[in-house]
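Residue indices begin at 1 and follow the sequence shown.
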Amino acid sequence: MILKAKVTAEDIFGRALGAEQWNNQTGEAPDPDDQIGRHRNLESLLRLLSQINRNSGGRSSFYGSDNFGNREDINRKIEIEEEAVRFTPDSHPSKPSQLNNLGNYLLTRFERLGNINDIDSAIARHQAAVNLTPDGHPDKPRWLNNLGTSLLSRFKRLGNLDDLDSGIARHQAAVNLTPDGHPDKPSRLSNLGNSLLIRFERLGNLDDVDSAIAQHQAAVNLAPDGHPDKPRWLNNLGNPLLIRFERLGNLDDLDSGIARHQAAVNLTPDGHPDKPRRLRNLGNSLLLRFKRLGNLDDVDSAIARHQAAANLTPDGHPDKPRWLSSLGNSLLTRFKHLGNLDDAEASIVQFSAASSSPVGSPSVRLAAARQWICVASITHHSSLLIACESAIAIIPLVAWLGLSILNRHQHLAQIGAIVRDAAAIAILLGQCDKAVEWLEQGRSIVWTQILQLRTPVDEVRAVEPDLADRLLHVSSLLDQGAKSTKSRNEGKQSPEEEARQYRALAREHEDIIEKIRSLPRFRDFLRPLKLHRLINAAKDGPLVIINVSEIRCDALALLYGADVIHIPLPDLTSKRVTQLQIKFNALLKSSGVRLRAVRDSEVEEGGDEGCNRILAELWDHLVKPVLNSLAFSHDPDTLPRIWWCVTGQVAFLPIHAAGIYDTGDSSEHIHDYAISSYTPTISALLEQASAPARKPFRHLSAIEPSSGASYIPNTEKELECIQRRLHNRDYIVLRKAAATRERVMNAMKECNWLHLACHGTQNAKDPTKSALLLHGGKLTLEEIIRLKLPHAEFAFLSACQTMTGDEELSDEAVHIAGAMSLAGYRSVVATMWSIEDALAPKVADAFYAHLLRDGERPDNRRAAEALHFSVKKLREEEKDIKMLSWLPFVHLGI
């Protein structure tokens, strides 16, 4: 039947559109008789398409066991619908229906194959159907309902809260516009309940669960026994009942949820495409009851239901990884209760299959890999390293390039521990090289993605110039937020259109990279670097990675031309690091060091004692073991460089100042052994070291912008010190009202050295909105990283909190200093918290004096040394200086 329909459709299109295509080519006016004939043919086509839609059995037919994998069917339907939409005028009464059907087919293909372009197109078509339908039209609720479903499907994949809110609003509108007694009312109530439950899972408001239960119960109540959709609504009612049980512990909810899921399974015939989902949900509910009441029959029944769901779902189905994970979880639960290794082995089989699936949600696959690691660790299974490798490989897919930076960070917030645990396992198994590579691959994901967009393609151009140019063009658009020049100038794109364009570019970027990797000699193009290349970052001194995991804590030292040195840190634990961070945060809070301003030194009275204890612990348990293993000697006159690449909560502790400070002559600290710098990743240091030919020195000072924040009186003195040290060198000064956001950004492009003395803020809700406060506006982190300054060399950020970071994103280097590095500055002086205004000019003066002392062109590679000695001078000359006043200064980069 479908094959016959396709042939007829093609025939009708040929007759219906032939006259129009001819007239488009010749430019002649259409013949009225041809117009009438074309109109009639179009009407025939629309009737045919309506018949095809009825015969297809709806969206679910694509998932049926008979049709599963038949991409030609859905692709052809989409092709026909697209042609119908294209040649049906907006005024035609069938246009909204055709748009809606096309949206449904695109949604189906997205759920089957996962192409983001399909869900974006589905939403656009559903929205167009809504827009073309006047209020009061009987089909408007149906279009709204389907639009809501598409929006929620995209939310589940990408996690954008705007999609969730919009989806709920559309489902609510569909319910409100559907009168009681309408046959579609139960379905729309159920869809609204599903959307509310999704919001609860994201935001945790229990009112959403109660509302979801109410909507689902109303749907069930409205459906008579024997209604073909009653099993679906029963299944949907069971879900929020079980979630409410998990939150509140009421056994009535548990029993009711199981009863609804059992009824849904009983009423669903074998061969129905939704049978696996309902079996899986029943299995989950039985497993939940086992965990509460301990009846072994329940866990056995859960395993049986989960096994049946997996068996009924063909390989390659997008839901198969989810069903396999559920089966793995039920087997793991029985293993933990009975200790039968066969159950553990069987759970590993399920988790490995789920995580290795080429289709399905990356989040589901990552969760499966995490469970695989857990079971393999407990049982010392031979697949443990493979499980870790699988998890590391999935992480970039979760934080997909096509998402906004904020959404990527939201996905990454809970991922850092997986990477650190995987590295700890590799170290435990003697695979230190692998641990280094995994820590590099699984951390600073967004940073790495941005750097890859700026990768030179000269070698590719020598082989495939067109492909190289295309990659540069697409990368440039992605780097700038995917706004074309035309759209930026005209401002006609909606946020939805911009996001859709961005995701399409991300997919194109992936396709181009795959084509480049298919070329000879380019198989590893933009793949994670192996150790033999990473080791080059240690040419100028050791690079030490500190890995903090609940499993164990270690340092891994990279020395140029040598093997990785493993330095166990047995006295350092994840718990101890967390406690140190809590104490340090409390110390900073009580000392009021969050904004650069005139501070009363008495505010910090008593802070030194607490600070000394924290620095001593860092020295004893972390820094000293590292220096001893590297054979660093106590020789302040010949200090080597050392780079720290820290993970987890160590990122918020002052490793660069660790030591014993309150014991007189017996004091010792890192300053007497080495000059410390930080780097977020090894690749970042490699990128900064591969600088282009230096341009003539030009310095920019942006001082005390009139930002509306508190006045910083000593910035003028700071400027005087800088100008005196620069003497007759080329420099630009922007002061007060002249230091606008636009002027500073333009001057940054002209100058390769930068000194900013202003206020800075760290945005806890959205780290990309952290900013430097300039005259008339903020220069945000997001704007800084979009700057491309290939000849930038050095930035001195004499502002507060420029390397504070976000505690939930400890492995992502989300701070102003990191943004400056991404923009192109190879060496950055920054602050971990606020600096004391009276001391800032002294540090700046000593810094530039040391850097410019030989009269030669300033070298940004000596910035860390200059900072080291300027802070040392400050400590020696200011005898009563509080520790929190000199500790915040840090160096990032080469």
Applied to residues 191-205, the side chain to side chain donor-acceptor pair (under 3.5 Å) test, sequence neighbours excluded, yields N145-N191, N194-H216, R199-D208, R202-Q410
Presence of salt bridge, [Y] and [X], under 4.0 angstrom:
{"X": "E389", "Y": "K434", "value": "yes"}
{"X": "R454", "Y": "D479", "value": "yes"}
{"X": "D811", "Y": "R443", "value": "yes"}
{"X": "R154", "Y": "E496", "value": "yes"}
{"X": "E514", "Y": "R517", "value": "yes"}

Taking atom NE2 of H126 and atom CG of L106, what is their separation to the nearest 0.5 Å?
8.0 Å
Starting at CD of Q581, measure out to CZ of R576 and round the result to the nearest 0.5 Å.
15.5 Å
Keeping the roles fixed (side chain from [X], backbone from [Y]), state whether a donor-acceptor pair exists under 3.5 Å.
{"X": "Q449", "Y": "A399", "result": "yes"}
{"X": "Q172", "Y": "L192", "result": "no"}
{"X": "E440", "Y": "S683", "result": "yes"}

Quiz question: by atom type and distance under 3.5 Å, do the side chains of S444 and T681 form a donor-acceptor pair?
no
Minimum heavy-atom separation for D806 and F652, please, with both atom names.
O-CZ, 3.3 Å
By side chain to side chain donor-acceptor pair (under 3.5 Å) - contacts of W400 (at least two apart)
E510
Pairing residues for R170 by the side chain to side chain donor-acceptor pair (under 3.5 Å) criterion, not counting sequence neighbours:
none
Does the ring pair (Phe, Tyr, Trp, His ring centres under 6.0 Å) test come out yes or no for W833 and F584, once each step is laid out?
CA-CA 11 Å; W833 55 91; F584 198 63; 5.3 Å; yes
Test side chain to side chain donor-acceptor pair (under 3.5 Å) on R280 and S326; report intermediate values, then the result.
CA-CA 7 Å; R280 181 255 189 176; S326 295; 2.9 Å; yes
What do you reckon, is NZ of K788 surrounded by more than 12 foreign heavy atoms closer than 6.0 Å?
yes
Testing R500, R503, R507 for side chain to side chain donor-acceptor pair (under 3.5 Å) with D120, which one passes?
R503
